[in-house]
Peer 1: 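Questions regarding the structure given below will be posed in turn.
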Amino acid sequence: MLLQVNNLKTHLRSGGKLVKAVDGVSFGIDRGETFCLVGESGSGKSVTALSVIQLLPREISSHPAGEILFDWRHDGGEVEQVDMLTLPEERRREIRGARIAMIFQEPMTSLNPVFTVGDQIIEALQLHNPEMSYEQARQRAIEALEQVQISNAAQRINEYPHRLSGGQRQRVMIAMAMACEPDLLIADEPTTALDVTVQAEILQLMKRLQQRCGTSILFITHDFGVVSQMADRLAVMRKGEIVEEGPLRQVLSAPSHPYTRQLLAALPENLPRPEVPEPAAADRAPLIDVQGLQVHFPIKKGVLRRTVDYVRAVDGIDMKIPAGQILALVGESGCGKTTLGRTILRLIEPTGGRIQFSGATISDLPRAELRPFRRQMQIIFQDPMSSLNPRLTIARTLTEPMAVHGIGENAEERLELARQTLEQVQLDPDYVWRYPHEFSGGQRQRIGIARALALNPRFIVCDEVTSALDVSVQAEILQLLLELRRERNLTLLFITHNIGVVEYVSDEMAVMYGGRIVERGPTGEVCSNPQHEYTRTLLAAVPRVQI
């Protein structure tokens with residue numbers, strides 16, 4: 001057994017309170033094995049991992065009980081079993097990075113922006129191998145980048161993190177973690193923010209590196225599709241405790257704990273299918289009619305900032321969305337999905353083409369004449385925390401747009417409408433007096449939906465509204481949107497990269513690539529029989545729960 005965690009307790013101090021973040025957790029990881037920790041936000045997964053590698057700040061953390069026994073392989077080959085909790089800090093530093101390495105969830109915040117990626121890998125190599133010269137370390141860093149399939153590694157080693165894509169930055173993090181050939185790799189949600197195709201590449205890459213080096217992996221995630229692809233064994237965490245543990249197939253096919261069954265039942269593929277409203281969406285007149293829509297952003301260079309080319313974010317799109325229909329817009333980051341959605345709402349000005357709403361052309365309307373349409377066209381943003389004003393109560397957040405558009409006779413009536421809107425999204429009406437920071441992620445997303453609904457719109461753009469949510473909260477939000485669609489006959493443009501969500505929520509789907517729509521049709525037909533090569537690649541990369 002490479003790692004054995006026994007009755008681990010981790011307490012965190014916050015604002016004078018003691019939080020039992022990890023409460024009596026025990027598990028083991030064999031050499032060459034992938035062990036997955038699964039659970040929702042706040043269950044204690046990341047704190048468990050940080051406890052293993054001993055990266056929690058001492059001033060706010062303590063371990064009143066437990067052991068973290070690790071087989072420390074020294075450079076000479078001899079193995080010493082040590083307890084990471086009692087080991088002196090100087091000896092822990094010899095283990096961290098060299099024998100236990102970690103890939104963090106967000107590479108942009110864990111890579112130093114003022115150093116090249118090469119310098120950061122070289123620093124780790126020389127720190128743990130003092131005898132290694134700079135040139136030797138540089139060559140090893142290039143090899144590490146090549147192992148994670150970074151093209152032109154000899155040139156890319158001189159790049160700064162901000163000049164790499166999200167997938168490339170995650171590869172750099174893996175290269176840095178694997179450069180010293182650790183025995184244990186801790187991967188904390190390493191693919192959460194990545195497109196499905198990039199995620200598939202990263203997961204395959206980690207498997208190959210594991211097979212080549214015999215590395216054990218502690219993989220933290222809330223995605224059961226990823227678990228199904230990666231895990232040999234898994235443990236389900238809830239409120240700081242492991243409620244179920246076992247081999248992958250056993251837990252997925254015959255879960256014994258009610259919480260595990262609840263998580264699996266909340267997966268989009270396991271949710272009850274909603275009834276399609278009548279009449280059929282395909283027979284309805286289009287509420288949104290986009291013709292030849294273009295959005296080009298200029299590329300300026302030189303001292304005089306002359307335009308030398310254009311980024312064609314949206315490049316000639318024709319699209320109709322019938323009233324009452326949900327159209328899912330699918331594609332990878334940078335394909336133009338969000339730009340298209342915001343341009344339809346005139347939050348981004350089109351370069352060319354025409355936008356019609358309920359038969360009226362709005363693409364060239366002056367701002368004053370566009371205002372009546374603003375009430376009927378709303379958007380729910382991906383990150384509710386950054387889109388809600390932290391200084392405004394929920395009451396002001398909901399009533400200010402009403403006042404602008406003349407809804408309600410007075411402040412009291414608008415406040416009552418705000419309370420009713422909160423009830424519609426299944427929140428307590430008394431929450432109107434709270435501020436955004438007082439809510440969980442799922443509650444903030446409901447408030448974002450309430451803000452969109454406050455003006456009683458006909459059309460809503462949902463921009464990745466479930467991408468950062470736990471699976472059970474995601475299920476609640478999706479079911480809420482479908483219920484509101486049925487009650488209000490809403491038309492939705494649902495922007496996402498989660499194919500499971502697409503299959504559950506949408507009537508039709510459109511696949512976007514390079515600023516253009518390459519395939520469109522009824523969701524079931526496109527998913528079961530994709531015609532375009534890109535669509536086939538996208539669907540093939542989706543991690544699915546396989547029992």
Peer 1: For E483, which of Q479, R486, R485 qualifies under side-chain hydrogen bond (donor to acceptor under 3.5 Å, both in side chains)?
Peer 2: R486

Peer 1: Evaluate the ring planes of F357 and F459, with Trp represented by its six-membered ring, and classify them as parallel (under 30°), tilted (30 to 60°) or perpendicular (over 60°).
Peer 2: tilted

Peer 1: Under the criterion side-chain contact (heavy atoms from CB on, under 4.5 Å), which of N389, I394, L388 is the partner of L392?
Peer 2: N389

Peer 1: So, the side chain of Q426 versus the backbone of L422: is there a donor-acceptor pair under 3.5 Å, distance only?
Peer 2: no

Peer 1: Can you name the closest pair of heavy atoms from Q291 and D289 and give their distance?
Peer 2: NE2-OD2, 3.2 Å

Peer 1: Could you tell me whether E269 and R544 have a side-chain N and a carboxylate O separated by less than 4.0 Å?
Peer 2: no

Peer 1: Verify side-chain contact (heavy atoms from CB on, under 4.5 Å) between K301 and R306, making sure each step is shown before the conclusion.
Peer 2: CA-CA 6 Å; K301 288 187 177 180; R306 288 197 176 99; over 6 Å; no

Peer 1: Is a donor on one side and an acceptor on the other found under 3.5 Å between the side chain of D507 and the backbone of Q325?
Peer 2: no

Peer 1: With distance as the sole criterion, is a donor-acceptor pair present between the side chains of R488 and Q424 under 3.5 Å?
Peer 2: yes

Peer 1: Between K320 and P286 (side chain of the first, backbone of the second, donor and acceptor by atom type, cut-off under 3.5 Å), is there such a pair?
Peer 2: no

Peer 1: Against I477, only a single residue in V505, V425, V501, T466 fulfils side-chain contact (heavy atoms from CB on, under 4.5 Å); can you say which?
Peer 2: T466

Peer 1: Closer than 3.5 angstrom, by distance alone: can the side chain of E40 be matched with the main-chain N or O of H222 as a donor-acceptor pair?
Peer 2: no

Peer 1: Could you pull out the closest heavy-atom pair between A101 and A177, with the gap in Å?
Peer 2: CB-O, 3.3 Å

Peer 1: Give the minimum heavy-atom separation between I379 and A452, together with the two atoms involved.
Peer 2: O-CB, 4.1 Å

Peer 1: Do the side chain of K45 and the main chain of G39 share a donor and acceptor less than 3.5 angstrom apart?
Peer 2: yes

Peer 1: Where the side chain of R444 meets the backbone of F439, is there a donor-acceptor pair that is under 3.5 Å apart?
Peer 2: yes

Peer 1: How close do T221 and V226 get, counting heavy atoms only, and between which atoms?
Peer 2: OG1-CB, 4.4 Å

Peer 1: Quick one, E519 with T535, criterion side chain to side chain donor-acceptor pair (under 3.5 Å). Give me CA distance, side-chain angles, the key distance, then yes/no.
Peer 2: CA-CA 7 Å; E519 185 163 358; T535 311; 2.8 Å; yes

Peer 1: Can you name the closest pair of heavy atoms from I157 and V117 and give their distance?
Peer 2: O-CG2, 3.8 Å

Peer 1: Does a donor on one side chain sit under 3.5 Å from an acceptor on the other, for N158 and T116?
Peer 2: no

Peer 1: With distance as the sole test, does R346 use its side chain to make a donor-acceptor pair with the main-chain N or O of L365 at under 3.5 Å?
Peer 2: yes

Peer 1: Between S228 (side chain only) and F224 (backbone N and O only), is there a donor and an acceptor less than 3.5 Å apart?
Peer 2: no

Peer 1: Report yes or no: do Q210 and T34 form a side-chain donor-acceptor pair below 3.5 Å?
Peer 2: yes

Peer 1: Check whether any side-chain N or O of T421 sits under 3.5 Å from a backbone N or O of A454 as a donor-acceptor pair, and report yes or no.
Peer 2: no

Peer 1: Quick one: does any side-chain atom of T307 pair with a main-chain N or O of K300 as donor and acceptor, under 3.5 Å?
Peer 2: no

Peer 1: Over 60° means perpendicular and under 30° means parallel, so classify the ring planes of Y435 and H437, tilted if in between.
Peer 2: parallel

Peer 1: Taking all heavy atoms of S358 and all of R458, pick out the closest pair and write down the distance.
Peer 2: OG-NH1, 3.4 Å

